[in-house]
Amino acid sequence: EIKGEKMNPRPAANKEYPSTVSELITVFLNINAGSANAQWDIYLTAQTTYSFTSLHSSNSALPKLVKGNVKIFGNGAIFANNGTTNNYRFLYVGEYSLVEIENLVFQDGDITSVVNSWGGAILNEGYLTLHSCDFINNQGDYGGAILNADVNNITNHAELKVYDCNFTNNDGVVLGGGIYNHISSGQWNDVSGGLLEVNRTSFVSNSAPSGAAVTGGGSMEITNCSF
């Protein structure tokens, strides 16, 4: 069920309808090869499980998005780890990418085999907005489900907005069971940080030594949420 505002398709955007993991990887590669500000509307197959079997690059199952204005219409689809490996997250949003995702499930992402693993399901270094997404059983050292951070210190800015989502049973091995919000300027405990806005979102049974649901520095606005 989609709550709150729904994303609107864009008539001028490139339209893609990937029904398999390999087709989705090809779409991401095409986005990276396109112009910097090109618009892409991606429609996943309704109620379909996209089962990832290995990482593609940068400890992620999908290619890191390095450019583009991208909307992903999940239609209740599931991004799932096939259970044979634990060395990747699903999505890596780069510093110059603007991504918006609606109605997509991220399940069993696990990057804990990587030293100082960042974001069990998503690492965001750019501009990411999530609507009505579910994060279930993901694991990472910093951000069991999501890390919002410019880990490469390129733009010193990362922006994450989360609306009407659910975070359930995610584990941050070091910090942030659900979300860890931070921009590193050389030290993980630096007081600077990313911009994080969370509204109408549920956090249930997430765990971490510090910040079981959400933690970090920078600017954080959390309203109308349940814990």
Side-chain angles (χ1 to χ4, degrees), residues 1-4 49 52 59-61 74 76-83 85-93 99 101-125 128-149 151 158-184 188-189 193-227:
E1 179 185 359
I2 299 176
K3 302 176 182 178
T49 297
F52 296 88
N59 298 315
S60 302
I78 300 170
F79 281 2
N81 186 327
N82 74 342
T85 183
N86 66 337
N87 63 350
Y88 63 84
R89 68 180 74 83
F90 299 109
L91 182 62
Y92 188 170
V93 179
V99 178
I101 303 173
E102 173 186 271
N103 195 21
L104 180 59
V105 178
F106 298 83
Q107 185 169 330
D108 297 324
D110 190 341
I111 197 170
T112 53
S113 67
V114 178
V115 176
N116 290 333
S117 62
W118 301 325
I122 297 176
L123 168 55
N124 177 54
E125 294 186 306
L128 175 63
T129 301
L130 301 168
H131 304 272
S132 300
C133 292
D134 291 336
F135 294 84
I136 305 169
N137 297 333
N138 300 287
Q139 281 191 300
D141 286 352
Y142 298 92
I146 304 174
L147 174 67
N148 184 50
V151 297
E159 183 173 307
L160 173 63
K161 297 182 179 180
V162 181
Y163 305 117
D164 304 298
C165 292
N166 299 295
F167 291 78
T168 307
N169 293 329
N170 302 287
D171 180 30
V173 177
V174 180
L175 289 169
I179 302 171
Y180 182 51
N181 183 59
H182 197 81
I183 290 180
S184 172
W188 279 104
N189 61 353
L195 187 154
L196 174 64
E197 179 181 327
V198 186
N199 195 4
R200 304 183 303 271
T201 290
S202 171
F203 295 86
V204 177
S205 299
N206 302 286
S207 60
S210 178
V214 182
T215 192
S219 174
M220 294 193 292
E221 180 179 337
I222 302 172
T223 56
N224 302 314
C225 294
S226 59
F227 300 90

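Worth knowing before you read on, the calculation uses all heavy atoms, side chains too, and leaves out hydrogens, waters and symmetry mates.
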Below 4.5 Å, heavy atoms only, C-beta onward: do [X] and [Y] meet side chain to side chain?
{"X": "F106", "Y": "D134", "result": "no"}
{"X": "F203", "Y": "V198", "result": "yes"}
{"X": "V162", "Y": "T129", "result": "no"}
{"X": "I101", "Y": "C133", "result": "yes"}
{"X": "F135", "Y": "I146", "result": "yes"}
{"X": "R200", "Y": "Y163", "result": "yes"}
{"X": "I111", "Y": "W118", "result": "no"}
{"X": "I222", "Y": "V214", "result": "yes"}

Looking only at heavy atoms, which two atoms of [X] and [Y] are closest? And how far apart?
{"X": "T49", "Y": "A80", "value": "CG2-CB, 3.9 Å"}
{"X": "A149", "Y": "A158", "value": "N-CB, 3.8 Å"}
{"X": "D141", "Y": "S117", "value": "N-OG, 2.7 Å"}
{"X": "G176", "Y": "A208", "value": "N-CB, 3.7 Å"}

Qualifying residue for side-chain contact (heavy atoms from CB on, under 4.5 Å) with [X], from [options]:
{"X": "N169", "options": "N138, N137, N206", "answer": "N137"}
{"X": "Q139", "options": "D108, N170, T112, N81", "answer": "T112"}
{"X": "F79", "options": "V105, L104, I122", "answer": "L104"}

Between N181 (side chain) and M220 (backbone), is there a donor-acceptor pair under 3.5 Å? no
Using only atom types and a distance under 3.5 Å, with no angle test, would you say the side chain of S202 pairs donor to acceptor with the backbone of N166?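 Not a single qualifying donor-acceptor pair exists.
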Between [atom1] of [X] and [atom2] of [Y], what distance do you get to the nearest 0.5 Å?
{"X": "T215", "Y": "I179", "atom1": "OG1", "atom2": "CD1", "value": "11.0 Å"}
{"X": "N199", "Y": "E221", "atom1": "CG", "atom2": "CD", "value": "8.0 Å"}
{"X": "L128", "Y": "L123", "atom1": "CG", "atom2": "CG", "value": "10.0 Å"}
{"X": "L147", "Y": "E125", "atom1": "CG", "atom2": "CD", "value": "8.5 Å"}
{"X": "S219", "Y": "L195", "atom1": "OG", "atom2": "CG", "value": "4.5 Å"}
{"X": "F167", "Y": "S205", "atom1": "CZ", "atom2": "OG", "value": "14.5 Å"}

Please check if any side-chain donor atom of S132 sits under 3.5 Å from a side-chain acceptor atom of D164, or the reverse.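 Not at all, the side chains of S132 and D164 share no donor-acceptor pair under 3.5 Å.
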Consider only side-chain N and O atoms of N59 and Y92, and report whether a donor and an acceptor are under 3.5 Å apart.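 No, no side-chain donor-acceptor pair sits under 3.5 Å.
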Tell me, please, which residues at least two apart from F90 pass ring-ring contact (aromatic ring centres under 6.0 Å, His included).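 If we apply the ring-ring contact (aromatic ring centres under 6.0 Å, His included) test to F90, skipping adjacent residues, the hits are F52.
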